[in-house]
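Because only heavy atoms are used, hydrogens play no part in the values below, and waters and symmetry mates are left out as well, while side chains stay in. Naming convention: chains lettered A, B, ... in sequence-line order (proteins, then strands); numbering from 1 in each chain.
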Amino acid sequence: MSSLRLYDTATREIRDFTPIKPGEVSMYVCGATVQAAPHVGHIRSGVNFDILRRWLMASGFNVTFIRNVTDIDDKILHKAVHEEIPWWAVAMKYERAFADAYQALNVLPPTYEPRATGHITQMIELMETLIKNGSAYAPGNGDVYLEVRKLKSYLTLSNQKLDDLLPAGDADETYKRDPRDFALWKAAKPGDPSWPTPWGPGRPGWHLECSAMAHAYLGADFDIHGGGLDLIFPHHENEIAQSQAAGYGFAKLWMHNAWVTTSGEKMSKSLGNSLQVMEVIKRVRGIELRWYLGSAHYRSMLEFSFEALDESATAFRRIENFLKRAEEVAGDIHTVIADEFAAVMNDDLSVPQGLALISEWLRNGNTALTSGDKSEIAKNASHIRGALIILGCDPFDPAFGEGSGADLTSAVDALIALLLEQREAARARKDFAAADSIRDRITAMGISIEDTPQGPRWSIN
RNA sequence: GGUGGAGUGGCCGAGAGGCGAGGCUCGGGACUGCAAAUCCCGCUACACGGGUUCAAAUCCCGUCUCCACCUCCA
């Protein structure tokens with residue numbers, strides 16, 4: 001069997017993945033800055049890395065998955081003023097909104113989900129290390145900066161030259177030794193929340209938290225660091241700078257997911273609420289949104305449209321419908337990871353090629369359903385289900401359960417069966433007017449009737 | 001200005017030197033009492049101009065268009 005290869009942003013090539021510790025994978029993904037409800041672009045990142053995680057687990061690795069929550073930053077403070085609630089209430093409100101969205105799309109909870117404000121101690125320790133070894137300085141105004149000119153290497157991830165950069169501009173320039181130096185820590189402004197430090201009260205700069213938390217939970221060296229494309233610079237560059245200046249090896253492999261675009265452009269909040277996750281799942285189910293977001297390769301832009309979303313949902317329902325019929329005819333569907341599927345997933349998570357395989361199994365499975373070939377039905381269904389589990393779209397996953405409605409299924413089944421018996425009787429005596437009348441009335445209840453080689457079956461629309 | 005990415009059939013979306021991914025839509029057919037579902041067939045594309053090659057969507061040169069990052073960003 002093939003082994004996993006992944007694209008590394010740092011080297012810009014697909015490389016063999018070899019974990020630091022055999023059988024173990026440590027990964028850190030930059031999560032949300034909780035200052036607004038998540039839109040479909042945010043959740044795509046969650047879905048993409050969830051697919052990676054599921055694939056690693058299915059490949060036999062024990063995965064430690066850390067995804068942080070940035071619960072303090074400028075936007076959160078601004079929002080607090082705007083919404084007239086405390087900054088921590090803003091953070092909690094949107095952290096919950098993200099959690100709800102992750103859950104709705106069946107994104108597995110991380111092994112641990114550290115918050116920035118819970119790791120001030122680790123950040124101070126890191127800054128002390130950096131100041132002590134001469135990599136960082138505290139000019140006396142309460143800020144702490146990393147001195148980028150002192151770094152052995154910088155900007156290796158984004159492949160830029162220091163002299164081509166525009167000044168960082170995230171703090172008062174007058175205290176910086178170089179305009180490109182960036183803030184590890186920001187002095188408190190009047191009215192802002194702050195934490196005490198040896199350099200005065202203040203709050204974390206954006207980048208420091210990830211270095212501190214990755215170190216706290218994964219150690220000096222870990223396997224994979226992920227996030228959105230837009231984090232490459234400055235966020236990930238600065239994480240590397242801080243961590244390596246402190247003597248950590250840091251991430252061995254960098255992965256970045258592409259955006260969801262609209263009209264070819266990166267999604268932005270100016271589009272309003274219509275593309276918020278919770279709005280979109282009023283139109284399609286969570287599992288269908290997940291299928292759509294996961295269907296493009298993670299490094300390709302996904303051009304969002306409601307038309308494409310609807311089509312994608314329809315395509316998913318075909319697969320789901322086959323699995324349900326297969327279960328009815330052939331019994332419980334085992335999950336099998338087909339070798340072909342493993343091969344495409346091992347090739348930098350080539351999900352779109354996996355979908356082509358699913359299409360093939362679907363066609364074969366439907367053909368088998370028509371001919372009644374149970375072993376062929378079971379085989380194709382189990383391959384499909386094995387793939388869907390990796391994609392996080394298994395229709396039988398209780399995470400997507402039909403809730404209390406499931407309890408009614410057997411009762412409805414008995415009622416519909418009664419009606420179908422009458423319809424079958426009418427058909428048998430060629431009284432098609434009566435038969436169609438029964439079907440029409442069932443349809444009017446929102447239930448579809450299909451005649452299959454195994455007899456009629458019903459499903460709720 | 002610097003860095004990175006993209007342009008594929010009506011639409012979505014893979015591929016990255018050689019037998020036309022796949023899906024959706026549309027047209028035709030099979031099955032069916034009729035539907036629905038399903039299956040089969042059809043619609044032969046790679047921004048533009050050169051070049052390399054027996055062979056290019058894929059490599060090289062040039063051009064155009066679009067996007068992103070360099071300021072918060074999944």
Provide a list of protein-nucleic acid N or O atom pairs under 3.5 angstrom, restricted to nucleotides 41-43 of chain B.
none

Is there a donor in the side chain of Asp100(A) and an acceptor in the side chain of Tyr102(A), or the other way round, less than 3.5 Å apart?
no
From C34(B), A14(B), C72(B), pick the nucleotide closest to the side chain of Lys75(A)?
C72(B)
Determine the Euclidean distance between corresponding C1' atoms of C31(B) and C66(B); express it in Å to zero decimal places.
48 Å
Could you note down all residue pairs passing salt bridge (charged side-chain N to carboxylate O under 4.0 Å, His left out) where residues 341-369 of chain A supplies at least one of them, sequence neighbours left out?
Arg299(A)-Asp348(A)
Expected list for residues 369-393 of chain A near RNA chain B, using heavy atoms below 4.0 Å, is Thr370(A)
Pairs under 3.5 angstrom, nitrogen or oxygen only, protein versus nucleotides 3-5 of chain B, please.
unit_1, atom_1, unit_2, atom_2, d
U3(B), O3', Asn159(A), ND2, 3.4
U3(B), O2', Ser158(A), O, 2.7
G4(B), OP1, Asn159(A), ND2, 2.8

Can you confirm whether or not the ring centre of Phe341(A) sits under 6.0 Å from the ring centre of His383(A)?
no
Choosing from A74(B), G13(B), A37(B), which nucleotide comes nearest the side chain of Arg325(A)?
A37(B)
Just to confirm, is there a sub-4.0 Å distance from OP1 or OP2 of A74(B) to any side-chain nitrogen or oxygen of Thr33(A)?
yes
From the list C70(B), A74(B), G13(B), which nucleotide is the closest neighbour of the side chain of Leu231(A)?
A74(B)
Tell me, please, which residues at least two apart from Phe322(A) pass ring-ring contact (aromatic ring centres under 6.0 Å, His included).
none
Would you please name every residue forming a side-chain hydrogen bond (donor to acceptor under 3.5 Å, both in side chains) with Ser448(A), sequence neighbours left out?
Asn461(A)
So, using salt bridge (charged side-chain N to carboxylate O under 4.0 Å, His left out) as the criterion, who are the partners of Asp73(A) when residues are at least two apart?
none
Asp451(A) side chain: which of G13(B), A74(B), C34(B) is closest?
C34(B)
Is there a donor-acceptor contact under 3.5 Å linking the side chains of Thr111(A) and Thr64(A)?
no
Considering only NZ, NE, NH1 and NH2 on the basic side and carboxylate oxygens on the acidic side, decide whether Glu328(A) and Arg325(A) come within less than 4.0 Å.
no
Please list, for nucleotides 21-24 of chain B, all pairs of protein and nucleotide N/O atoms separated by less than 3.5 Å.
unit_1, atom_1, unit_2, atom_2, d
G22(B), O2', Ser359(A), OG, 2.8
C24(B), OP1, Arg318(A), NH1, 2.8
C24(B), O2', Glu311(A), OE2, 3.1

Please list, chain by chain and in numerical order, all residues satisfying side-chain hydrogen bond (donor to acceptor under 3.5 Å, both in side chains) with Lys374(A), sequence neighbours excluded.
none
Donor-acceptor contacts under 3.5 Å from residues 428-442 of chain A side chains, at least two apart:
unit_1, atom_1, unit_2, atom_2, d
Asp431(A), OD1, Ala434(A), N, 3.2

Mark yes or no for whether Asp181(A), through its side chain, and Asp178(A), through its backbone, hold a donor-acceptor pair below 3.5 Å.
yes
Excluding sequence neighbours, so at least two apart, what forms salt bridge (charged side-chain N to carboxylate O under 4.0 Å, His left out) with Arg115(A)?
Glu95(A)
Could I get the full list of side-chain hydrogen bond (donor to acceptor under 3.5 Å, both in side chains) partners for Ser26(A), not counting sequence neighbours?
Asp223(A)
